[in-house]
Amino acid sequence: MGSASPVSLSDLHPCLLGGVSYVFRTPDLYDPARARRLLARQRVRRPGLIEFRLAAVAGVAAMAEAANAAEEGERQGQLVEEYYQLIEPVDEDSIDEPDQEKRTVMLAEQLAAHQARLREIYPQIAAIEANLERHWTPYAELKADRDYWDEVSRIEIVRLLLVSIGGVTQPRDDDGMVCQAAYAAIPKDHRMELATFAFRLLAPDETQRKN
């Protein structure tokens with residue numbers, strides 16, 4: 001993929017952690033595709049919510065059958081289905097109300113209700129998920145895949161966009177990525193925040209775009 005192109009000062013973004021300045025460049029048009037390619041090359045895939053929902057429902061049913069606890073299995077299955085419905089993004093356009101202001105109010109009320117219900121049921125969901133991870137292999141494998149994707153993607157996004165550490169330009173490999181040895185020298189307690197910073201540069205929210 002070649003070396004990274006030189007960047008101007010206006011395209012640099014410092015992130016100060018523990019007295020150390022980590023400087024990132026502004027992502028270009030091709031960086032999202034580069035990031036996906038890097039993960040694909042490592043055979044990394046992040047399972048979707050539908051996969052987790054199907055595995056969770058199947059796991060709850062199977063474990064309930066094995067324990068001869070059909071009623072509890074049905075209760076947990078319904079709770080899991082409700083949970084995955086609640087965490088689906090809510091689209092304002094899906095609300096059947098022609099008036100824009102009323103629709104906005106209704107959306108806010110719906111989101112608040114969803115959040116309240118999620119807070120109410122989450123302790124039970126967390127217990128169900130922990131049980132699935134221990135005893136239902138399909139769910140445990142999905143969780144392992146998701147955790148692996150998250151960790152690798154955090155490493156790769158920093159290696160892709162990081163330019164310098166403490167004023168020292170970092171060496172890059174043939175793919176234009178910060179060398180693995182340079183990344184490994186970053187304190188472990190800085191890595192999560194650096195990845196969050198880099199992801200925000202790659203996919204800024206609407207507020208950041210306006211700024």
Side-chain angles (χ1 to χ4, degrees), residues 31-95 107 109-160 177 180 183-184 186 188-200 202-205:
D31 280 323
R34 289 189 187 105
R36 290 191 294 270
R37 176 177 180 269
L38 290 164
L39 294 173
R41 275 172 39 179
Q42 296 198 42
R43 296 179 176 85
V44 181
R45 187 186 72 88
R46 196 176 202 272
L49 287 178
I50 184 65
E51 295 175 85
F52 277 98
R53 180 178 69 80
L54 292 173
V57 170
V60 164
M63 289 188 293
E65 182 178 0
N68 195 25
E71 186 174 338
E72 176 61 13
E74 183 176 352
R75 185 192 73 82
Q76 291 189 12
Q78 291 174 353
L79 201 62
V80 167
E81 291 279 19
E82 181 185 6
Y83 170 72
Y84 280 98
Q85 289 174 4
L86 288 170
I87 62 176
E88 282 289 337
V90 178
D91 185 354
E92 184 177 329
D93 293 334
S94 67
I95 297 175
L107 174 64
E109 291 174 347
Q110 187 173 354
L111 289 173
H114 282 197
Q115 290 301 315
R117 180 58 177 162
L118 281 170
R119 287 192 295 271
E120 180 183 350
I121 69 174
Y122 188 72
Q124 296 178 73
I125 292 296
I128 292 170
E129 289 179 335
N131 200 35
L132 287 165
E133 192 173 350
R134 285 194 300 269
H135 302 296
W136 187 244
T137 300
Y139 187 91
E141 290 178 346
L142 288 175
K143 175 69 162 49
D145 285 346
R146 183 176 65 188
D147 290 348
Y148 182 59
W149 188 96
D150 288 348
E151 186 168 355
V152 173
S153 65
R154 287 193 293 266
I155 293 170
E156 296 294 61
I157 192 62
V158 172
R159 293 182 61 220
L160 178 64
M177 306 281 288
Q180 291 188 25
Y183 179 88
I186 296 173
K188 291 183 179 180
D189 59 346
H190 289 185
R191 295 176 187 176
M192 178 68 79
E193 193 163 344
L194 292 175
T196 300
F197 187 89
F199 274 121
R200 285 174 180 162
L202 189 69
D205 60 24

Find out whether [X] and [Y] are in side-chain contact, i.e. whether some heavy atom of one side chain is under 4.5 Å from a heavy atom of the other.
{"X": "Leu132", "Y": "Met63", "value": "yes"}
{"X": "Arg159", "Y": "Leu38", "value": "no"}
{"X": "Glu129", "Y": "Tyr83", "value": "yes"}

For [Y], is there an ion pair with [X] - N to carboxylate O distance below 4.0 angstrom?
{"X": "Arg46", "Y": "Asp150", "result": "yes"}
{"X": "Asp147", "Y": "Lys143", "result": "yes"}
{"X": "Arg37", "Y": "Glu156", "result": "no"}

Within the supplied structure, the quantity of interest is the number of heavy atoms (other residues, nucleotides, ligands) at a distance under 6.0 Å from [X] [atom1]; does it exceed 12?
{"X": "Asp189", "atom1": "CG", "answer": "yes"}
{"X": "Glu81", "atom1": "CD", "answer": "yes"}
{"X": "Glu151", "atom1": "CD", "answer": "no"}
{"X": "Glu82", "atom1": "CD", "answer": "yes"}

message: Using the rule given for ring pair (Phe, Tyr, Trp, His ring centres under 6.0 Å), can you reason through Tyr139 versus Phe52, listing the C-alpha separation, both sets of side-chain angles and the distance that settles it, and then say yes or no?
response: CA-CA 7 Å; Tyr139 187 91; Phe52 277 98; 5.6 Å; yes
- request: Please test Val158 against Arg191 for side-chain contact (heavy atoms from CB on, under 4.5 Å), starting from the C-alpha separation and ending with a verdict.
  value: CA-CA 8 Å; Val158 172; Arg191 295 176 187 176; over 6 Å; no
- request: Could you check Arg146 against Glu141 for side-chain contact (heavy atoms from CB on, under 4.5 Å), going step by step and ending with a plain yes or no?
  value: CA-CA 9 Å; Arg146 183 176 65 188; Glu141 290 178 346; over 6 Å; no
Looking at every heavy atom in both [X] and [Y], which two are closest together, and how far apart are they?
{"X": "Val60", "Y": "Gly73", "value": "CG1-O, 3.3 Å"}
{"X": "Pro47", "Y": "Glu51", "value": "CA-OE2, 3.3 Å"}
{"X": "Leu202", "Y": "Ile157", "value": "CD2-CD1, 3.6 Å"}

task: For Trp136 and Ala55, indicate whether the former's side chain and the latter's backbone hold a donor-acceptor pair under 3.5 Å.
output: yes
field: Donor-acceptor side-chain pairing of Gln76 and Glu72 below 3.5 angstrom
entry: yes
field: Any side-chain donor near an acceptor of the partner, Arg53 and Gln85, under 3.5 Å
entry: no
Lys NZ or Arg CZ of Arg117 over Tyr122 ring: under 6.0 Å, within 45°: no
side-chain contact (heavy atoms from CB on, under 4.5 Å) between Ser153 and Leu39, intermediate numbers included: CA-CA 7 Å; Ser153 65; Leu39 294 173; 4.0 Å; yes
field: Point-to-point distance, once rounded to the nearest 0.5 Å, from CD1 of Ile87 to CG of Leu49
entry: 4.5 Å
- line: When rounded to the nearest 0.5 Å, the distance separating CD1 of Ile125 from CG of Leu79 is 4.0 Å
- request: Evaluate the side-chain contact (heavy atoms from CB on, under 4.5 Å) criterion for residues Leu86 and Ile121: first the C-alpha distance (whole Å), next the side-chain angles of each, then the deciding distance (0.1 Å), finally the verdict.
  value: CA-CA 11 Å; Leu86 288 170; Ile121 69 174; 4.0 Å; yes
